[in-house]
Amino acid sequence: SNEGLPFDRRVSAFAWDGASLYVSLSELGVYCSDDAGLSWKASSDGLPIGALVSALHSAGPALLAGVWRDGVYRSDSKGEKWQRISQAPRFPKCFVADGDGLFAGGWEGGGVLRSVDGGTTWTQDRAGLTHRFIRATAAHDGVVYAGSWEGGGGVFASADAGATWHSVSDGLEPPRSTLPNSMWIG
């Protein structure tokens, strides 16, 4: 029934911590459901008013929120209280964990950033990453992937924790649409 969840808002991100589902809604912050989406409660205390939470990530007992133009926030209370832990990345779009690292795909030319301390500090190693507007990230078997729609789009891979990147886009068709906030791969 989605009780407690405002309607007619764009969903920006989801996270699951094994017990609760979290969703960020455009300019309304984060909402939490403990019953698989039947009911929701606002979980944004400590986030900026009107914040666009563009990325969510569950990291053990911590929940991370990437806030557009404001950095990374952390909650250790299931989203009830938030605290900013980093001003970078400034435009986080997505998070993915791999091994000991947490990666954030950045917008506005940020590329991919890596944190080894749960999101408090970030480093940026972009060798070989020719596209800097990252739309999506994924990780599998020690390889981190980053997808971009900049300059015709592309998929990049790193097997060394983000230190170097190479294109894995051979065989993909160019995007068929220029819709904002969409990445199309043929």
Under 4.5 Å between side-chain heavy atoms, hopping through other hydrophobics if needed: is there a path connecting [X] to [Y]?
X: Trp165; Y: Val143; value: no
X: Phe91; Y: Val72; value: no
X: Leu5; Y: Leu21; value: yes
X: Trp16; Y: Tyr73; value: no

Closest heavy-atom pair and its distance - [X], [Y]:
X: Ala163; Y: Ser158; result: N-OG, 3.9 Å
X: Gly119; Y: Ser86; result: O-CB, 3.4 Å
X: Ser115; Y: Thr121; result: OG-O, 2.9 Å
X: Ala157; Y: Val168; result: CB-CG1, 3.9 Å

Does atom CG of Asp100 have more than 12 heavy-atom neighbours from other groups under 6.0 Å away?
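Counting neighbours around CG of Asp100, 12 or fewer heavy atoms of other residues, nucleotides or ligands fall under 6.0 Å, so no.
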
Please say whether more than 12 non-hydrogen atoms of neighbouring residues, nucleotides or ligands are located less than 6.0 Å from NZ in Lys78.
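Enclosed.
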
Using the ring of each side chain (for Trp, its six-membered ring), is Phe95 parallel, tilted or perpendicular to Trp122, with breaks at 30° and 60°?
parallel

Distance-only donor-acceptor pairs under 3.5 Å for side chains of residues 52-67, two or more places apart:
| residue | atom | partner | partner atom | Å |
| --- | --- | --- | --- | --- |
| Ser54 | OG | Gly66 | O | 3.4 |
| Ser54 | OG | Pro92 | O | 2.3 |

Pairing residues for Asp98 by the salt bridge (Lys or Arg N to Asp or Glu O under 4.0 Å) criterion, not counting sequence neighbours:
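With neighbours one apart ignored, the set is empty.
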
With sequence neighbours excluded, residues passing salt bridge (Lys or Arg N to Asp or Glu O under 4.0 Å) with Glu80:
Lys41

Test your reading of the model: is there a side-chain donor-acceptor pair from Arg132 to the backbone of Leu129, 3.5 Å cut-off?
yes

